[in-house]
Amino acid sequence: MDVEERIEQLREQIHFHRYRYYVKDAPLISDAEFDGLYEELLQLEAEHPELVTDHSPTQRVGSEPVSAFEKVRHAAPILSLAAGHSVEDLFAWRARLGRLLSDDDQQLQYVVEPKIDGLTVVLTYERGRFVLGATRGNGRIGENITSNLRTLYELPQRIPVDSGMELDAPDYLVVRGEVFFPLDRFETFNQAQAEAGAHIYMNPRNAASGSLRQLDARITAARPLTLYCYDFIAWDDGELPDSQWQRLQYLHDLGFPVSSDISHCQSIDEIAKAYEQWQQRRNEINYEVDGIVIKIDDQPLAASLGAVGNEPRGAIALKFAAQEKTTKLLDVVVNVGRTGILAPAAVLAPVEIGGVVVRNATLHNFEEIARKDIRVGDTVVVKRAGDVIPYVVGPVADLRDGSERPVQIPDRCPFCNAPVMRVPGEVGIYCDNPSCPGQLVRRVEYFVSRGAMDIDNFGSQTGELLIAEGLLHDVGDIYYLQRDSLLQLEGFQEKKVDNLLAGIEASKQQPAERLLTALGIRFVGWVVARLLLGAIGSIDALAQASEEDLVRIEGVGPQTAASVVAWFRDERHRALLEKLRVAGLKFASESEGFGAQPFNGLTFVVTGTLPTFSRDEVKEFIEVRGGKVSGSVSSRTDYLVAGESAGSKLDKARSLGTKIVDEAKLREMAQEA
Ligand code: IVH
């Protein structure tokens, strides 16, 4: 394909995807993929200016508004922003400014704002009344969605003019803002949509867009939309403050909602730091942020620099790495958990998301697969955000070619062929066979893990091999493994066997609380195990307790009580306990044992990337030693465990004078106590 053909192809693709995105609210590719196409086109056009034509998408903005709403002409063009993707792009922007600015103006200040992933709205006020609200449309002509916008609680219907108070708005004022769907309400909302058989939205942005474009404003009113304002488009009489920082303050004082996640930066280095911190925290706030926007604080100076096309020179958007990509769903496999739950997992065509190649993702449960109508062979949207395990958001149904197959819900366990069971009131399906080898692998894995019996030199492959070789039929068999039979196994030399047996022997000294945790009773993790034994004293006494006895323990609810009683009632579990008792494990709590937990009574917060611990591991490390892990720094936080690229939590801890430790220090503290 020659350059001309490629350019034409890119233009067609961009037109098509714009239409899908803006008009149909149903994008087929991710924002990042779209940006990729657009950037390639810009690049080729820059290299071949003779091929630029009026109909190229680079020469116009957005798309045509849909016909159902009345069209309105904006008071001034609603501009867009040039986008960068790295700190290098930021430095390049600053260098370009340096060449444009006079010597007197080189000392710049900046405002850094979140780039909210929502929809631009343009709000007009006359004599203090909200009279017109419009979408951005193509940047010059938008759609009149006033009645929909009136339903937003946070959007001021009145602002002060001639109030005789200190602060007044101009008689005529046009403000720009971003409407979005708060994240905490998005999941619940989609759930309700599904139950009502209504449209399920792929992400909060599409939900916001779909909600704003309802022809019936009563529907919009029922959606929890909100907005942040950040710019002035037009105004009469008087001057606005020159500084963007003060303009935001002014917007806020007039009653407009303004994001508080903004910062006033004095240098590019400071912005680069803010950019890094934002990448860490973007998943901690209640709205989707796809980058930061950097604006020259001095707005008249910024305006004097003009624009390239519809992108003002005085501002730039620095985007974050995409957290969502589309890829093919190659297969759906079924995994079994230690409780017997049969969980579907996606096998994906490998796709890079945020610097990591993703091949597998969770599909939560079969009910959700059916609800979202996910089929094998579908193009699916996959999301990987922060510490969250990658998951399949949903299918792009419009890309189907008819070869896709619905996902079969298994009626038998793929590991032992036992019929599956459903628990009333639960969405999961279960394998009910206690001797299922698949379940046993997971149970052994859990039993020996750091949070439970913490058996050294006993990896998950060891468990799998011992089960396959018929040496383990339940977790009790771990304590009856024979040196001779282990030496028969492939790859098990003397030293390896001795280490394994020594680890197993040492674990017999673990306190009863750990054994109770390791049994894997539903709802009985480390914390509950300690509560139970703290109150009841021993595993034997617990076996005799009734549900009424148990719910009387502070922190133990009816669900846990029922689960514990049912577990001990099972003959097979009683036999297992006998096996463990004969092996010499501890059944009675030695309360001074856990009274002396090193982190007892201490609250920790973790931030940044630690050298060796993952987030789950450090949480477990702290909790099994009696500490608590909380999500945010407050005056009650005893220690902040900070790793690399620690963000706002570190700042907060510093400002509160909270003790800050690294991973090495944390390990030291655990040793010392
Ligand atoms: S400033 C000339 N500030 O990001 C001013 N935009 O292309 C241009 N956005 O379409 C916009 N948050 O919808 C600005 N704090 C913010 C923003 C923001 C989100 C959106 C806006 C625009 C896109 C950038």
Does a sphere of radius 6.0 Å around [atom1] in [X] hold more than 12 heavy atoms from other residues, nucleotides or ligands, not counting ones at 6.0 Å or beyond?
{"X": "Glu644", "atom1": "CD", "value": "no"}
{"X": "Glu4", "atom1": "CD", "value": "no"}
{"X": "Glu5", "atom1": "CD", "value": "yes"}
{"X": "Lys273", "atom1": "NZ", "value": "no"}
{"X": "Arg129", "atom1": "CZ", "value": "no"}
{"X": "Asp236", "atom1": "CG", "value": "yes"}

Please report the C-alpha distance between Tyr110 and Arg94 in whole Å, then the side-chain angles of each, then the deciding distance to 0.1 Å, and finally whether the side chain to side chain donor-acceptor pair (under 3.5 Å) criterion is met.
-> CA-CA 11 Å; Tyr110 313 85; Arg94 181 62 185 86; 2.8 Å; yes
Does [X] reach the main-chain N or O of [Y] with its side chain, forming a donor-acceptor pair under 3.5 Å?
{"X": "Asn148", "Y": "Ser211", "answer": "no"}
{"X": "Ser209", "Y": "Asn206", "answer": "no"}
{"X": "Glu113", "Y": "Ile292", "answer": "no"}
{"X": "Arg176", "Y": "Ile233", "answer": "no"}
{"X": "Ser259", "Y": "Asp261", "answer": "yes"}
{"X": "Tyr287", "Y": "Leu227", "answer": "no"}
{"X": "Gln157", "Y": "Arg150", "answer": "yes"}
{"X": "Arg384", "Y": "Ile353", "answer": "yes"}
{"X": "Gln107", "Y": "Asp104", "answer": "no"}
{"X": "His74", "Y": "Thr135", "answer": "yes"}

Aromatic centroids of Tyr228 and Phe256 separated by under 6.0 Å |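 For Phe256 and Tyr228, the ring centres are not under 6.0 Å apart.
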Smallest separation among heavy atoms of [X] and [Y], with atom names:
{"X": "Val161", "Y": "Pro170", "value": "CG1-O, 3.6 Å"}
{"X": "Ala321", "Y": "Gln279", "value": "N-OE1, 4.4 Å"}
{"X": "Ala32", "Y": "Ala322", "value": "CB-CB, 3.6 Å"}
{"X": "Val72", "Y": "Ala134", "value": "CG2-CB, 3.5 Å"}
{"X": "Tyr275", "Y": "His85", "value": "OH-O, 3.2 Å"}
{"X": "Trp245", "Y": "Ser263", "value": "CZ3-C, 3.5 Å"}

Side chain to side chain donor-acceptor pair (under 3.5 Å) between Asp105 and Ser102, worked out | CA-CA 5 Å; Asp105 290 326; Ser102 71; 3.2 Å; yes
For Gln277 and Ser648, what are the C-alpha separation, side-chain angles and deciding distance, and is it a side chain to side chain donor-acceptor pair (under 3.5 Å)?
-> CA-CA 7 Å; Gln277 289 180 349; Ser648 60; over 6 Å; no
Is it true that the side chains of [X] and [Y] contain a donor and an acceptor less than 3.5 Å apart?
{"X": "Gln246", "Y": "Asp242", "answer": "no"}
{"X": "Glu154", "Y": "Thr226", "answer": "yes"}
{"X": "Asn144", "Y": "Thr146", "answer": "yes"}
{"X": "Ser243", "Y": "Asp297", "answer": "yes"}
{"X": "Gln191", "Y": "Glu187", "answer": "no"}

Quick check for you: to the nearest 0.5 Å, what is the distance between [X] atom [atom1] and [Y] atom [atom2]?
{"X": "Leu212", "Y": "Leu152", "atom1": "CG", "atom2": "CG", "answer": "7.0 Å"}
{"X": "Ile316", "Y": "Leu81", "atom1": "CD1", "atom2": "CG", "answer": "8.5 Å"}
{"X": "Asp89", "Y": "Lys319", "atom1": "CG", "atom2": "NZ", "answer": "12.5 Å"}
{"X": "Phe91", "Y": "Arg96", "atom1": "CZ", "atom2": "CZ", "answer": "13.5 Å"}
{"X": "Leu301", "Y": "Leu97", "atom1": "CG", "atom2": "CG", "answer": "9.0 Å"}
{"X": "Glu8", "Y": "Asp2", "atom1": "CD", "atom2": "CG", "answer": "11.0 Å"}

Trp278 six-ring centre to Arg281 NZ/CZ under 6.0 Å and within 45° of normal =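 Flagged: Arg281 positioned over aromatic ring of Trp278.
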Would you call the rings of Phe189 and Tyr201 parallel, tilted or perpendicular if under 30° counts as parallel and over 60° as perpendicular?
->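 Rings of Phe189 and Tyr201: parallel, under 30°.
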Can you label the angle between the His17 ring and the Phe34 ring as parallel, tilted or perpendicular, going by 30° and 60°?
->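 Geometry flag for Phe34 against His17: perpendicular rings.
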Checking side-chain contact (heavy atoms from CB on, under 4.5 Å) for the pair Arg205/Phe181: CA distance, chi angles, key distance, verdict?
-> CA-CA 7 Å; Arg205 188 190 181 283; Phe181 208 110; over 6 Å; no
pair [X]-[Y]: side-chain heavy atoms closer than 4.5 Å:
{"X": "Val174", "Y": "Tyr125", "value": "no"}
{"X": "Thr607", "Y": "Val641", "value": "no"}
{"X": "Pro156", "Y": "Pro257", "value": "yes"}
{"X": "Arg282", "Y": "Glu288", "value": "no"}
{"X": "Val392", "Y": "Thr362", "value": "no"}
{"X": "Asp117", "Y": "Pro204", "value": "no"}
{"X": "Asn360", "Y": "Leu348", "value": "no"}
{"X": "Val258", "Y": "Tyr230", "value": "no"}

Lys/Arg-Asp/Glu bridge criterion (N-O < 4.0 Å) met for [X], [Y]:
{"X": "Glu178", "Y": "Lys115", "answer": "no"}
{"X": "Glu143", "Y": "Arg213", "answer": "yes"}
{"X": "Asp378", "Y": "Lys328", "answer": "no"}
{"X": "Glu352", "Y": "Lys325", "answer": "yes"}

Applying side chain to side chain donor-acceptor pair (under 3.5 Å) between His264 and each of Gln244, Gln109, Glu270, report the one that passes.
->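 The single option meeting the side chain to side chain donor-acceptor pair (under 3.5 Å) with His264 is Gln109.
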Worked verdict on Leu251 versus Val175 for side-chain contact (heavy atoms from CB on, under 4.5 Å) | CA-CA 9 Å; Leu251 273 174; Val175 162; 3.9 Å; yes
Side chain to side chain donor-acceptor pair (under 3.5 Å) assessment of Glu276 paired with Gln280 = CA-CA 7 Å; Glu276 260 169 41; Gln280 298 289 325; over 6 Å; no
